[in-house]
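Just so it is clear: chains get the letters A, B, ... in the order the sequence lines come, proteins before strands, and each one is counted from 1. Values reported hereafter were calculated over all heavy atoms of this structure, with side chains retained and with hydrogens, waters and symmetry mates removed.
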Amino acid sequence: MTWTWDDAKVVAHDFETSGTLPEYALQPWRKGVGDFWATSMSVIRHNGAKLEPHGSRLFPQAEHMRTFLEQAIAEDWTVVGWNIVFDISVLCAYGLADLCHQVKWLDGMLLWRHLEVEPEYEFQGAAHKKKSYRLKPGGVERWLPMMAGYNEDVDFHATDEESLAKLQLYNDKDSVCTWIIAKQIWHSLTPQQQACALIEAQSLSMIAETNYLGLPIDGIACSELAARLARTADEKLAILAPHGVTETIIRSPLKLAALLFDDWGLPVLKENTSKKTGKVSRSTDKEVLHELALQDGRCRDLRAYRECLNNRTKFAEGPAVSAAYCGDSRSHPAAIPFGTYSGRLTYGSKQGKAGTKSERPTGFALHQEKRDKEFRRVVTAPPGYTLMEFDASGQEFRWMAIASGDETMLELCLPGEDPHSFMGARVTMQEYHELTNKVQEGDPLAKDARQLGKVANLSLQYRTSARKLRVVARVQYDIPMELPEAQRIHRTYANTYRGVPVYWGRQIALTRRMGYVETLAGRRVQVVGNWDGEWGWSMGSTAINYRIQGTGADQKYLAMAVIKPYLTRIGAKFAWDLHDGVYLWVPDAKVQQAAVDIKFLLDNLPYRQAWGITPPIPLPWDCKAASTWGDLKEWHYT
DNA sequence: CTCCCTTGCGCC
DNA sequence: AAAGGGCGCAAGGGAG
């Protein structure tokens, strides 16, 4: 990276916004029908001596914004803001997305996260207070205490001249603070952290545009799904009602426990103890219901009934309700870059205070959407576009292979190998290549063996216990595993990938010494605290996990940055993210070519140039395409 | 009614 | 003693 902070070329930018209802101020997609607008725009430049407004104004129009963006591009400015994804989505609402993709952006809030993000530990009910990265109160008090307090007495929905003048002044002060704070933080970052922040910054305009555009929701698919789930729920209830089950009971863990353990007389298999109140409750979670179902078939129906009700609200009604609320038959889950401490994106689907009247259903739980076709079909591509997904094949397995240096893992990442069959063969004591052959022939027993290997590979990478493996196998995969077998698989894993437990120990020792963990790209998280205290285990897990998961996040930002110019050229758009997968809307006529070109770009990401390392194994991406999320099919390259 | 806590659970 | 990690959302329930 050759970018350096140049006072003359960094400008700060910020909007204040409003709407026909106060909450519409945060919903730029309502601009089209006149329910949202920018009340003031701030652009702050350094003139060599001091920071001053340059293009700040009340009620800015698209032409004013265009002038600003064109100058930013022509003069190679870097535009810095605080949570600037929002401000970019405002610009998108004014029809300026194409210019936004050409501007260099930077975000002070994200720089702060790079400087000192920390995990939030929770242990038996007690939790850290979540660190805030707000500009104020927060950043200003921390970095610019002499400026603190300017935010008193501001009316964001002002209409009279005096209040509007105040608002503009406030808007400019925000920008000034952002500029000064961002500069300080920038210079506190290591060169590697700076490089990561710059790569990530290149994705901000894509994230902003998709937040503005939203996801097209198929209302009919939603109602069909809701109806199907309602039917199944009714069927289950019909079976269970004679035994005293009602919807109120199934929705209440307390009431359900009374039914199961008092009325039906079933044994209590698991208890929850609140460390805050010390209260003990009898668990009714799906592990418990799975185990109880082995002695009382009604518990299988209970589990199915509860699942139906939950899924209907969350996945059938949720997308439809938000699309109706948003008014454009699109749902607007808000993508939040660096939303997790490990760097991955998170999504928010509500605005306003949760659980209160101010709560607004702007999106749905995109990251939790069930994998079944009939659920994922509710999300479609806009007319004229095809949905394409590119996902990093075996992402965490591959980064673990690289981070640990385990030779077996590394070999299994070479072309033609199948790690799950390999582990399945070890666990079932077969020969690896015999098993892969049988798997390819479709032999069901061989497939089961591979499945077992997959469970082991996916579950045991991060210090999962044999007990937990047993539960995962039984509840999630319906494999009737007992503890001795789980222990044997657990040992087999450690003997197969000997480098992995060594990596665990090495990471913990290194992190204890340094006080932080790094991804392979050099992005950091602070890990400080008492390693022998109640959070010690979690701190160790951060040391192990962050390097893998965080590197995956870096890889995704790098992927987005690399494909961005290509997407712009063919008129494709970033749609959403699922951690190891990037979802795109590609014009129908470009799909064929994009499948080839984008895969080539992704399979050849410039890791060395970007991060200074050369991965010792290939890091391939898989491609899928369809007109809805639920119908995605593997792309066949000829 | 709001606020806060707890339980349970979806995905990667 | 034992303990994968990372999230966000729905819902119940108690306090005030």
Which nucleotide in [options] has an atom nearest any side-chain atom of [X]:
X      : options               : answer
A:H579 : B:dG10, C:dG6, C:dA3  : C:dG6
A:K353 : B:dC4, C:dA3, C:dG8   : B:dC4
A:R376 : B:dC11, C:dG8, B:dG10 : B:dC11
A:S349 : B:dC12, C:dC9, C:dA3  : C:dC9
A:S541 : B:dC12, B:dT7, C:dG5  : C:dG5
A:P119 : C:dG13, C:dG6, C:dG4  : C:dG6
A:R251 : B:dG8, C:dG4, C:dG12  : C:dG12
A:N545 : C:dG5, B:dC9, B:dT7   : C:dG5
A:E307 : B:dT2, B:dG10, C:dG4  : B:dG10
A:D580 : B:dC12, C:dA11, C:dG6 : B:dC12

* Asked: What orientation do A:W399 and A:Y607 show, parallel under 30°, tilted 30 to 60°, or perpendicular over 60°?
  ->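 Correct class here is perpendicular.
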* Report the relative orientation of the aromatic rings in A:H332 and A:W29; use parallel for angles under 30°, tilted for 30 to 60°, perpendicular for over 60°. => parallel
What is the nucleic acid contact for [X], judged by heavy atoms within less than 4.0 Å: base, sugar-phosphate only, or nothing?
X      : result
A:Q549 : base
A:G581 : nothing
A:S252 : sugar-phosphate
A:Y546 : nothing
A:F364 : nothing

* Structure fact -> Contact check, residues 388-404 of chain A vs DNA chain C, heavy-atom distance under 4.0 Å, returns none
* Taking DNA chain C as the partner, which of residues 313-324 of chain A come within under 4.0 angstrom of it by heavy atom? ->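 Result for residues 313-324 of chain A: A:T313, A:K314, sorted by number.
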* To do: Kindly say if A:S459 contacts the phosphate of C:dG4, meaning a side-chain N or O under 4.0 Å from OP1 or OP2.
  =>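 No, no such contact exists.
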* Asked: Can a side chain N or O of A:R312 be found less than 4.0 Å away from OP1 or OP2 on C:dA10?
  -> no
* Structure fact -> In short, salt bridge (charged side-chain N to carboxylate O under 4.0 Å, His left out) pairs touching residues 504-524 of chain A with sequence neighbours left out are A:R512-A:D532, A:E518-A:R524, A:R523-A:D554
* To do: State, with a plain yes or no, whether a side-chain heavy atom of A:L584 is found less than 4.5 Å away from one of A:L387.
  => no
* Asked: So does A:R467 have more than 12 non-hydrogen atoms from other groups sitting under 6.0 Å from CZ?
  ->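 No.
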* Asked: Which residues satisfy the side-chain contact (heavy atoms from CB on, under 4.5 Å) test with A:R474, sequence neighbours excluded?
  ->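 Scan of A:R474 (side-chain contact (heavy atoms from CB on, under 4.5 Å), adjacent residues dropped) gives A:H290, A:E291, A:L294, A:R470, A:E482.
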* Asked: With A:D603, which residues qualify under side-chain contact (heavy atoms from CB on, under 4.5 Å), at least two apart?
  -> A:K599, A:P620, A:W621
* Asked: Does A:R344 get its side chain close enough to the base of C:dC7, under 3.5 Å, for a donor-acceptor pair?
  ->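 Answer is no: no donor-acceptor pair is held.
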* Asked: Are the aromatic ring centres of A:H114 and A:F338 under 6.0 angstrom apart?
  -> yes
* Asked: Any donor-acceptor pair under 3.5 Å linking the side chain of A:Q351 with the backbone of A:R360?
  -> no
* Asked: Taking the side chain from A:D580 and the backbone from A:Q395, do they hold a donor-acceptor pair closer than 3.5 Å?
  ->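 Such a contact is absent between A:D580 side chain and A:Q395 backbone.
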* Structure fact -> Stem ranges of DNA chain C by first residue number, counting only runs of at least 3 Watson-Crick or G-U pairs under 3.5 Å, come to B:1-12 with C:5-16
